[in-house]
Each structure stands twice: as C-alpha cells, then as structure tokens.
Amino acid sequence: MIEERAVVVEAGDGHAWVEIQRRSACGSCAVSEGCGTATLGKLWSGRRIRVRAIAEEPLRVGDEVCIGLADGVLLRGALLAYSLPLLLLLAGALLGQVAFAGAGEEPVVLSGVLGLGLGFLVVRVLSKRFQDDSRFQPRVLRRSAGILTTGVLSRP
C-alpha cells in the first residue's frame with residue numbers, strides 16, 4: 001500500500017478532503033545541484049494537492065492523517081493513461097499503412113492521429129467509470145500523532 005501523510009481540510013460524511021504536500025527525493029541526492037530532475041523537483045516541492053479520500057471514522061478540519069492507496073492502483077492507472085493512447089497510435093498507423101499502401105505518408109499519419117485520439121477518448125471514458133469505484137480511491141488509514149509544522153493549518 002502506498003501511504004502518505006495529509007491534513008484534513010474538509011470533512012464530510014464518509015469522506016474527507018485532504019491536502020498533501022508534494023515532495024521529491026531528488027533533493028537529497030549527491031548530484032542534485034547539476035541534475036535537471038532535481039531542479040524540476042525543487043520547482044514542484046512545497047506545492048499542495050487536494051485529494052478526496054474515503055474516511056470511515058469522523059474527522060475534523062486540521063487533523064493530520066495517513067492516507068493510503070491500494071497496491072497496483074497507481075501502476076494500473078499510469079499504464080492506462082500512457083500506454084493505451086500510445087498503443088492505439090501505433091495500431092492506427094499500422095492500419096493506415098496497410099489500408100493506404102502506396103498513397104503516401106499523409107493517410108498513415110492521419111490514421112495514427114485518429115488512433116491516438118481514440119486512445120485518449122477511451123482513457124477518459126474508463127477514468128469516468130472508475131472515479132467513484134472505492135477500490136481506486138485513497139482511504140484514510142489512521143490519524144497521525146504529530147501536528148503539521150508548516151503553519152498553514154492548525155488544530156482548532
């Protein structure tokens with residue numbers, strides 16, 4: 001299970017909106033001063049993202065919690081979002097190559113772009129289907145003992 005600490009910013013019935021501070025592991029590397037990835041990590045660090053999580057116990061605004069995402073959910077989502085459009089791009093280009101042999105490159109490129117568009121459309125439809133499925137939602141696992149030290153939110 002992927003776990004992350006978060007702060008409750010809104011509590012509802014059966015769910016909570018939590019904020020997570022983005023972090024990057026690249027800043028601690030020995031070559032981080034000359035690394036482009038570390039530079040990008042510094043740009044994005046400190047930003048917060050807001051996530052809706054399933055909460056089975058009542059929470060209050062300002063509670064520090066540990067949220068978790070089931071194993072494999074992130075990997076499956078990334079594979080769906082990145083691989084499917086790419087596969088349909090290649091399939092469209094190959095189909096265009098076979099169907100329009102001798103007609104030049106334009107029909108092949110157009111077929112590939114149509115395959116890519118179809119891939120994005122399928123990803124959108126599937127993501128809408130899974131957005132309310134509790135198996136793919138982050139879940140509040142437990143309250144953390146510590147208090148957030150950023151000073152953005154405080155306990156009432």
Side-chain angles (χ1 to χ4, degrees), residues 1-59 61-97 108-146 148-150 152-153:
M1 177 158 294
I2 300 171
E3 294 184 8
E4 184 67 48
R5 293 174 72 173
V7 175
V8 176
V9 292
E10 184 180 328
D13 187 29
H15 74 279
W17 285 93
V18 297
E19 281 189 350
I20 304 167
Q21 185 168 2
R22 288 184 172 204
R23 292 179 287 167
S24 173
C26 290
S28 59
C29 177
V31 294
S32 65
E33 294 300 320
C35 175
T37 304
T39 303
L40 289 175
K42 289 175 187 171
L43 287 174
W44 292 103
S45 68
R47 293 190 179 196
R48 295 179 176 275
I49 55 174
R50 195 172 214 197
V51 176
R52 184 177 188 262
I54 297 171
E56 294 173 355
E57 63 181 90
L59 298 170
V61 173
D63 284 348
E64 188 174 346
V65 295
C66 181
I67 62 170
L69 191 62
D71 287 333
V73 170
L74 186 61
L75 179 62
R76 281 183 273 168
L79 282 174
L80 176 69
Y82 293 110
S83 298
L84 188 61
L86 182 62
L87 288 174
L88 289 179
L89 166 81
L90 294 173
L94 288 173
L95 185 65
Q97 180 76 29
V108 175
V109 171
L110 183 61
S111 298
V113 170
L114 287 174
L116 180 67
L118 179 64
F120 288 137
L121 182 66
V122 170
V123 167
R124 181 172 173 85
V125 168
L126 289 176
S127 67
K128 290 230 180 240
R129 175 181 284 178
F130 296 138
Q131 79 181 20
D132 292 328
D133 191 334
S134 64
R135 295 176 299 162
F136 303 108
Q137 304 282 323
R139 181 174 301 272
V140 175
L141 300 175
R142 61 187 171 276
R143 291 176 198 235
S144 297
L148 188 66
T149 57
T150 60
V152 174
L153 297 172

I need the minimum non-hydrogen distance between [X] and [Y], along with the two atoms involved.
{"X": "Ser134", "Y": "Arg139", "answer": "O-NH2, 3.9 Å"}
{"X": "Leu88", "Y": "Gly119", "answer": "CD1-CA, 3.4 Å"}
{"X": "Arg135", "Y": "Ala70", "answer": "O-CB, 4.5 Å"}
{"X": "Gly96", "Y": "Ser111", "answer": "CA-OG, 3.4 Å"}
{"X": "Ala93", "Y": "Val108", "answer": "O-CG1, 3.5 Å"}
{"X": "Leu89", "Y": "Gly112", "answer": "CD1-O, 3.1 Å"}

Distance, nearest 0.5 Å, that separates [atom1] of [X] from [atom2] of [Y]:
{"X": "Ile2", "Y": "Leu74", "atom1": "CD1", "atom2": "CG", "value": "4.5 Å"}
{"X": "Arg52", "Y": "Glu10", "atom1": "CZ", "atom2": "CD", "value": "9.5 Å"}
{"X": "Gln21", "Y": "Arg5", "atom1": "CD", "atom2": "CZ", "value": "11.0 Å"}
{"X": "Glu64", "Y": "Arg142", "atom1": "CD", "atom2": "CZ", "value": "11.0 Å"}
{"X": "Glu4", "Y": "Ile49", "atom1": "CD", "atom2": "CD1", "value": "8.0 Å"}
{"X": "Leu121", "Y": "Leu114", "atom1": "CG", "atom2": "CG", "value": "12.0 Å"}

Heavy atoms, side chains only, cut-off 4.5 Å: are Arg50 and Val9 in contact? yes
Kindly determine whether Val123 and Phe120 satisfy side chain to side chain contact (heavy atoms under 4.5 Å, CB included), including the steps that lead there. CA-CA 5 Å; Val123 167; Phe120 288 137; 5.5 Å; no
Report the C-alpha distance between Val7 and Val18 in whole Å, list the side-chain angles of each, state the deciding distance to 0.1 Å, and finish with yes or no for side chain to side chain contact (heavy atoms under 4.5 Å, CB included). CA-CA 5 Å; Val7 175; Val18 297; over 6 Å; no
Is it true that atom CZ of Arg124 has more than 12 heavy atoms of other residues, nucleotides or ligands lying nearer than 6.0 Å? no
If you draw a 6.0 Å radius around CG in Asp13, do more than 12 non-hydrogen atoms from other residues or ligands fall strictly inside? no
Short question: side chain of [X], backbone of [Y] - any donor-acceptor pair under 3.5 Å?
{"X": "Ser83", "Y": "Leu80", "value": "no"}
{"X": "Gln137", "Y": "Gln131", "value": "yes"}
{"X": "Asp63", "Y": "Val8", "value": "no"}

Asp132: what forms a side chain to side chain donor-acceptor pair (under 3.5 Å) with it, not counting sequence neighbours? none
Decide side chain to side chain contact (heavy atoms under 4.5 Å, CB included) for Ile20 and Ile67; before the verdict, give the C-alpha distance in whole Å, the side-chain angles of both, and the deciding distance to 0.1 Å. CA-CA 10 Å; Ile20 304 167; Ile67 62 170; 3.5 Å; yes
Answer yes or no: is there an ion pair linking Arg143 with Glu57, defined by an N-O contact shorter than 4.0 Å? yes
